[in-house]
Protein chains: 2
Amino acid sequence: MARRSEHSKEQIREMALAAAEDIVEADGLAGLSARKIAKQIGYTVGTLYLVFRNLDDLVLHVNARTLDALFAKIQDSLHKCRTPRTCVLAMGRAYVDFATENPKRWNMVFEHQLAEGEEVPYWFADKVNMMFQLVQLQLTPLLESQTEKKIDLVSKTIWCGVHGICSLAVTGKLDISDAESIHVLTDSLINNYLAGMATTLKGE
Amino acid sequence: MARRSEHSKEQIREMALAAAEDIVEADGLAGLSARKIAKQIGYTVGTLYLVFRNLDDLVLHVNARTLDALFAKIQDSLHKCRTPRTCVLAMGRAYVDFATENPKRWNMVFEHQLAEGEEVPYWFADKVNMMFQLVQLQLTPLLESQTEKKIDLVSKTIWCGVHGICSLAVTGKLDISDAESIHVLTDSLINNYLAGMATTLKGE
DNA sequence: ACCTGAACACCGTTCAAGT
DNA sequence: ACCTGAACACCGTTCAAGT
């Protein structure tokens with residue numbers, strides 16, 4: 001066989017990632033396999049290993065795209081807010097909305113774990129950190145007198161909290177699943193945490 | 001072959017669950033397989049299917065044990081606290097400690113997802129709800145004037161938040177992983193959320 | 001009655017061989 | 001140079017057949 005250069009390596013990569021996204025959107029990470037991807041793009045399994053190190057590597061790249069889309073959506077949400085508090089609320093809502101609109105893909109980002117020895121590559125860790133920085137940026141005006149370390153703590157606490165609510169809701173471990181009901185929890189978390197923060201700072 | 005009743009069905013179940021726990025503790029859910037369990041208990045794969053519906057069913061039972069152990073640990077933590085706030089803090093710390101001490105088993109509880117059509121059995125959902133009720137029980141004195149629905153919202157928000165911090169930390173998605181550093185986040189979440197709650201109630 | 005072992009339909013990954 | 005296809009070592013699940 002060996003069809004000759006119908007597609008460049010870059011094209012095959014692209015096709016494989018798109019096919020993987022389709023399969024995950026339909027059947028989740030559990031439904032994904034190298035053989036299915038290969039079949040969908042009209043190549044043999046072996047070809048995938050010319051273009052990705054292994055399946056973990058491929059999944060990592062799908063997840064990177066998911067994080068990019070999520071980041072864009074959260075950044076967008078910042079156009080319709082004015083105060084730090086309402087901006088963090090908007091970001092929380094954008095996060096929840098993305099997760100409920102793309103549950104399988106969003107879920108895969110957190111479900112997937114690398115094998116014991118493997119390190120998350122720097123370009124992936126960067127994408128995660130950019131999300132936290134977006135939260136930090138909003139909170140800084142509220143915490144001007146605070147150390148960088150404290151601002152980091154506050155951002156992480158809020159964002160992990162929002163993530164926890166979202167995560168348990170989307171995977172059906174809460175008895176809640178529509179976006180509106182989830183917003184009630186994330187709003188409550190952000191509003192009360194920030195209100196508590198304010199009284200603590202005043203009392204200092 | 002066909003060894004005759006060396007063990008009762010109950011005993012085989014027990015042996016299989018214990019073996020599965022061992023394997024998960026060592027290699028996580030990804031390292032678990034029916035064939036490995038069978039080998040470790042000296043039976044053939046087929047035998048497992050005489051005693052469990054399938055591997056998902058077996059995992060569900062391992063997870064149930066993990067939740068039981070977690071519940072016991074959290075309940076224990078309530079002996080060394082006096083106020084609602086310090087009790088919730090103690091529970092949060094107990095949760096984080098359990099997760100960092102048994103990362104692989106704790107992780108499997110949330111990593112594992114049933115196939116599309118499958119419903120989480122009631123006896124499993126019950127165990128999850130008992131955890132939330134333990135939090136609710138502590139918070140009720142703080143929220144006496146509130147509706148049951150509101151108390152439910154507050155408990156879920158706090159507990160999901162604690163879970164989110166724990167989850168991202170234990171799976172290495174934060175740059176934090178020792179229990180002490182995680183406690184700083186969960187304490188911050190609980191203290192500030194409750195403080196914010198208090199000012200909101202006063203303002204009503 | 002209790003358990004086996006072989007079979008079936010799947011996996012991820014590699015790599016000699018074909019064009 | 002590019003890609004194949006067969007091989008290897010694994011899966012979960014079933015079920016006729018053995019004792």
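All heavy atoms count here, side chains included; hydrogens, waters and symmetry mates do not. Convention: sequence-line order gives letters A, B, ...; per-chain numbering from 1.
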Counting only Watson-Crick and G-U wobble pairs with both atom distances below 3.5 Å, the stems of 3 or more consecutive pairs that include DNA chain D are C:4-8 with D:12-16, C:12-16 with D:4-8

Are [X] and [Y] side-chain neighbours, meaning at least one heavy-atom pair lies under 4.5 Å?
X	Y	answer
A:Asn107	B:Gln113	yes
B:Ser167	B:Phe110	no
A:Val154	A:Tyr193	yes

message: Can you pull out the residues from residues 16-28 of chain B that lie within a 4.0 Å heavy-atom distance of DNA chain C?
response: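 When residues 16-28 of chain B is checked for heavy atoms under 4.0 Å from DNA chain C, there are no hits whatsoever.
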
Among [options], the nucleotide that comes nearest once only the side chain of [X] is considered:
X	options	result
B:Arg35	D:dC3, C:dG5, D:dG12	D:dG12
B:Lys36	C:dT4, D:dC11, D:dG5	D:dC11
A:Tyr43	D:dT4, C:dG12, C:dC3	D:dT4

Quiz item: Which part of the nucleic acid does B:Ser33 contact within heavy-atom distance under 4.0 Å: base, sugar-phosphate only, or nothing?
Solution: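 Here B:Ser33 touches the backbone only, sparing every base.
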
Within the structure shown, what part of the strands sits under 4.0 Å from A:Lys9 by heavy-atom distance: base, sugar-phosphate, or nothing?
nothing

Under the salt bridge (Lys or Arg N to Asp or Glu O under 4.0 Å) rule, collect the residues that match up with [X], sequence neighbours excluded.
X	result
B:Asp27	none
A:Glu111	none
B:Arg85	none

Look at the side-chain N and O atoms of A:Thr47 and state whether any lies under 4.0 Å from the OP1 or OP2 oxygen of D:dT4.
yes

Open item on the list: Taking 4.0 Å as the cut-off, does a side-chain nitrogen or oxygen of B:Tyr49 come that near to OP1 or OP2 on D:dT13?
Closed with: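 Affirmative; the distance criterion is met.
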
Mind calculating the distance between [atom1] ([X]) and [atom2] ([N]) to the nearest angstrom?
X	N	atom1	atom2	value
A:Asp57	C:dG12	CG	P	14 Å
B:Ile37	D:dG12	CD1	C1'	11 Å
B:Leu55	D:dT14	CG	C1'	15 Å
A:Leu32	C:dC11	CG	P	10 Å
A:Ile41	D:dC3	CD1	C1'	12 Å
A:Asn54	C:dT14	CG	P	8 Å
A:Glu10	D:dC2	CD	C1'	16 Å
A:Lys39	C:dC11	NZ	P	9 Å

*asked:* Quick test of your reading of the model: are B:Lys36 and B:Asp22 salt-bridged, counting only N-O distances below 4.0 Å?
replied: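 Looking at B:Lys36 and B:Asp22, the cut-off is not met.
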
A:His61 meets the ring-ring contact (aromatic ring centres under 6.0 Å, His included) criterion, sequence neighbours left out, with A:Phe52, A:Trp123

Find which nucleotide of DNA chain C each of A:Leu50 and A:Ala34 is nearest to by heavy atoms, and output the residue with the more 5' nucleotide.
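It is A:Ala34 whose nearest nucleotide is closer to the 5' end.
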
To the nearest 0.5 Å, atom CG of A:Asp175 lies from atom CG of B:Asp152 at 7.0 Å

### Flag, side chain of A:Arg13 to backbone of A:Val51, donor-acceptor distance under 3.5 Å
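It does hold such a pair.
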
